[in-house]
Amino acid sequence: MRMKTPVKGRSSIEVVVVVLPESSIMSLASVLDPMRAANRVGGREVFRWRLLSGDGQAVMLTCGVPIAVNGRFSLPLGGDLLLVIGGFNLQRHAGKRFLATLQECARHFDVVAGIESGCWLLGRSGLLNGRKATAHWEELEDFARAFPELEVIGDRFVTDGKYWTSGGASPTFDMMLHLITERLGPALALDVASIFVYDQMHSPTDIQPFVSLGRIEARDPELAAAIRLMERTLERPMTVAAVARRLSISQRKLETLFAKGLSTSPGAYYLRLRLQVAHRLVRDSGIPIRDIALRCGFDSLSAFSRAYRREYQASPLKMRSANRAGVATEKGGERLS
């Protein structure tokens with residue numbers, strides 16, 4: 001089931017993350033950090049999430065780190081995405097009341113995902129009946145025996161309608177990139193993967209993987225070469241025709257490469273690349289805005305400001321001021337995400 005695609009600048013994707021005690025910190029990070037990175041790359045709150053536990057109290061993970069939460073997993077509750085992260089000793093941490101809450105809440109979300117042992121909770125609640133699902137490779141046989149009404153498969157993660165399951169931390173990272181691809185486009189997913197130097201992104205079945213640039217260089221060397229050329233010419237951007245000539249291919253072929261590989265045009269990707277570099281400099285440096293504009297290939301401050309505002313819904317000056325205020329809050333220890 002594909003969630004509705006939001007319009008840029010419109011409402012955030014509302015996410016509820018339920019984490020049980022004795023879960024893996026890597027599974028939790030694989031959920032939260034891709035959303036955080038998408039917000040940073042997107043320049044706005046693309047994802048808005050709440051972290052809940054069964055009793056509303058802090059959750060102790062398997063590594064011994066306690067995780068503060070925003071509240072208790074209880075009715076009423078709804079949103080776009082419900083993610084349930086489980087680990088060891090589920091019977092101790094999720095009883096009949098938890099499962100009843102899960103059954104009811106699932107009706108009010110577009111996508112419901114069981115992560116690591118969270119797939120067992122979806123199975124026990126009956127939400128997966130008649131569907132395909134996966135679990136951690138160590139538990140696949142036990143999972144299949146426990147839920148004979150399911151089609152249990154050994155893929156890294158499985159999407160069947162609105163119900164998704166993931167077998168571990170790394171597959172969960174893939175699943176979140178898949179979500180970002182579906183909801184926000186492959187270019188943003190590529191950016192998020194690149195932030196974590198993640199060179200191999202997988203589809204649900206791992207048959208047709210969507211990949212970051214490391215694999216693009218092997219699969220689509222001409223597309224990779226075009227991106228690298230754009231990276232080297234940010235200060236003096238070339239026309240699309242000039243990029244094609246430099247690569248000794250036709251402009252039509254270059255446009256086809258970008259449409260097929262990144263679902264965008266070469267010109268749009270080039271502009272977005274320049275704005276992303278500008279965005280990092282606006283947020284993370286003290287370089288004057290006019291110098292940033294020149295460094296990223298804009299011949300006037302006004303042209304840069306217009307393009308930046310269209311992409312990030314704020315002027316460069318306002319973005320810098322807001323970011324400095326946020327950094328000050330983080331240093332004061334008051335900000336948790």
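Quick caveat: nothing in here was measured; it's all calculated off a predicted structure.
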### Message
Would a single hydrophobic cluster contain both Leu28 and Met60, if residues Ile, Leu, Val, Met, Phe, Trp and Tyr are joined by side-chain heavy-atom contacts under 4.5 Å?
### Response
no
### Message
Between Val15 and Met35, does the side-chain contact (heavy atoms from CB on, under 4.5 Å) criterion hold? Intermediate values first, please.
### Response
CA-CA 10 Å; Val15 182; Met35 295 192 292; 3.8 Å; yes
### Query
Should the heavy atoms of other residues, nucleotides or ligands under 6.0 Å from CE of Met238 be counted, would the total exceed 12?
yes
#### Entry: Donor-acceptor under 3.5 Å (Ser12 side chain, Glu14 main chain)
no
### Query
What closest approach, in Å, do Ala37 and Val192 show between heavy atoms, and which atom pair accounts for it?
CB-CG1, 4.0 Å
### Task
Step by step, work out the salt bridge (charged side-chain N to carboxylate O under 4.0 Å, His left out) result for Asp220 and Lys260.
CA-CA 10 Å; Asp220 293 313; Lys260 183 178 179 181; over 6 Å; no
### Task
Give the minimum heavy-atom separation between Thr172 and Ser166, together with the two atoms involved.
OG1-OG, 2.8 Å
### Query
Taking the side chain from Thr134 and the backbone from Asp155, do they hold a donor-acceptor pair closer than 3.5 Å?
yes
### N/O donor-acceptor pair under 3.5 Å between Thr181 side chain and Ala189 backbone
no
### Task
Applying salt bridge (charged side-chain N to carboxylate O under 4.0 Å, His left out), run through Glu231 and Arg228 and close with a yes or a no.
CA-CA 5 Å; Glu231 290 174 339; Arg228 295 303 188 205; 3.1 Å; yes
### Query
Taking side chain as C-beta onward, heavy atoms only, is Tyr312 less than 4.5 Å from Gln276?
yes
### Query
Where do Glu139 and Ser117 come nearest, in terms of heavy atoms and distance?
OE1-OG, 4.0 Å
### Message
Can you tell me how the ring of Phe147 sits relative to the ring of Phe143, calling it parallel under 30°, perpendicular over 60° and tilted otherwise?
### Response
perpendicular
### Task
Give, for atom CG of Leu184 and atom CG of Asp191, the distance between the pair rounded to the nearest 0.5 Å.
11.0 Å
### Message
Both conditions, 6.0 Å and 45 degrees, for the charged tip of Arg36 above the ring of Phe47: are they met here?
### Response
no
### Message
If the threshold is 4.0 Å, N to carboxylate O, is there a salt bridge linking Glu45 and Arg48?
### Response
yes
### Message
With a 4.5 Å cut-off on side-chain heavy atoms, are Val112 and Leu83 touching?
### Response
no
### Query
Under 4.5 Å between any side-chain heavy atoms of Phe173 and Val31, yes or no?
no
### Candidate pair Tyr163 and Val111, rule side-chain contact (heavy atoms from CB on, under 4.5 Å), full reasoning
CA-CA 6 Å; Tyr163 295 103; Val111 168; over 6 Å; no
### Query
Taking all non-hydrogen atoms of both residues, which atom of Phe258 and which atom of Pro266 are closest, and how far apart?
CD1-CG, 3.7 Å
### Query
Do Arg50 and Val18 have side-chain heavy atoms sitting under 4.5 Å apart?
no
### Message
A side-chain contact here means heavy atoms from C-beta on lying under 4.5 Å apart; do Val16 and Trp49 qualify?
### Response
no
### Message
Counting neighbours of CZ on Phe196 that are heavy atoms of other residues, nucleotides or ligands and sit closer than 6.0 Å, is the number greater than 12?
### Response
yes
### Message
With a 4.5 Å cut-off on side-chain heavy atoms, are Tyr270 and Val243 touching?
### Response
yes
### Message
Do Leu301 and Ile287 sit in one hydrophobic cluster, given that two such residues count as connected whenever their side-chain heavy atoms are within less than 4.5 Å of each other, even indirectly?
### Response
yes
#### Entry: Polar side-chain atom of Ser23 near backbone of Val19 as donor-acceptor pair, under 3.5 Å
no
### Task
Would you please say whether a donor-acceptor pair under 3.5 Å links the side chains of Gln103 and Ser125?
no
### Query
Would you say Thr165 and Phe157 make side-chain contact, with heavy atoms under 4.5 Å?
no
### Query
How far does CE of Met175 sit from CD1 of Ile115, to the nearest 0.5 angstrom?
4.0 Å
### Query
How far does OG1 of Thr256 sit from CG of Leu223, to the nearest 0.5 angstrom?
11.5 Å
### Message
I'd like to know if Val277 and Leu317 are part of one continuous hydrophobic network [Ile/Leu/Val/Met/Phe/Trp/Tyr, side-chain heavy atoms within less than 4.5 Å].
### Response
yes
#### Entry: Gap separating the OG1 atom of Thr159 from the CZ atom of Arg131, nearest 0.5 angstrom
10.5 Å
### Task
Indicate yes or no for a side-chain donor-acceptor contact from Thr233 to the backbone of Arg236 under 3.5 Å, with no hydrogens or angles considered.
no
### Message
Would the distance check show the side chain of Lys162 and the main-chain N or O of Ala106 forming a donor-acceptor pair, the cut-off being under 3.5 Å?
### Response
yes
#### Entry: From Leu257, Ile227, Leu254, residue fulfilling side-chain contact (heavy atoms from CB on, under 4.5 Å) relative to Glu222
Leu257
### Query
Could you go step by step and tell me if Leu32 and Val17 meet the side-chain contact (heavy atoms from CB on, under 4.5 Å) rule?
CA-CA 9 Å; Leu32 298 181; Val17 181; 4.2 Å; yes
#### Entry: Under 3.5 Å: donor-acceptor pair, side chain of Arg72, backbone of Leu52
no
### Message
Between Val69 and Val59, does the side-chain contact (heavy atoms from CB on, under 4.5 Å) criterion hold? Intermediate values first, please.
### Response
CA-CA 8 Å; Val69 297; Val59 172; 4.2 Å; yes
### Query
Any side-chain heavy atom of Glu255 sitting closer than 4.5 Å to one from Ser265?
no
### Message
Looking at every heavy atom in both Leu140 and Gly154, which two are closest together, and how far apart are they?
### Response
CD1-CA, 3.8 Å
### Message
Which heavy atom of Met319 sits nearest to which heavy atom of Ala314, and what is that distance?
### Response
CE-CB, 4.3 Å
### Message
Can a donor-acceptor pair be found, under 3.5 Å and without considering hydrogens, that links the side chain of Ser53 to the backbone of Gln57?
### Response
yes
## Note on the structure
In this structure, CZ of Phe88 is separated from NE2 of His93 (nearest 0.5 Å) by 10.5 Å
### Query
Sub-3.5 Å donor-acceptor pair from the side chain of Asp80 to the main-chain atoms of Asp110, do we have one?
no
### Summary
Taken to the nearest 0.5 Å, the spacing of Leu99 CG from Leu90 CG works out to 9.5 Å
#### Entry: Single-linkage hydrophobic cluster Phe298~Leu294, side-chain heavy atoms < 4.5 angstrom
no
### Query
Taking 4.0 angstrom as the limit, do Asp160 and Lys132 come out as a salt bridge?
no
### Pairs meeting criterion salt bridge (Lys or Arg N to Asp or Glu O under 4.0 Å) with involvement of residues 91-109, two or more places apart
Glu22-Arg92, Glu104-Arg107
#### Entry: Flag, side chain of Arg283 to backbone of Ala278, donor-acceptor distance under 3.5 Å
no
### Query
Is a side-chain donor-acceptor pair under 3.5 Å present for Ser170 with Arg156?
yes
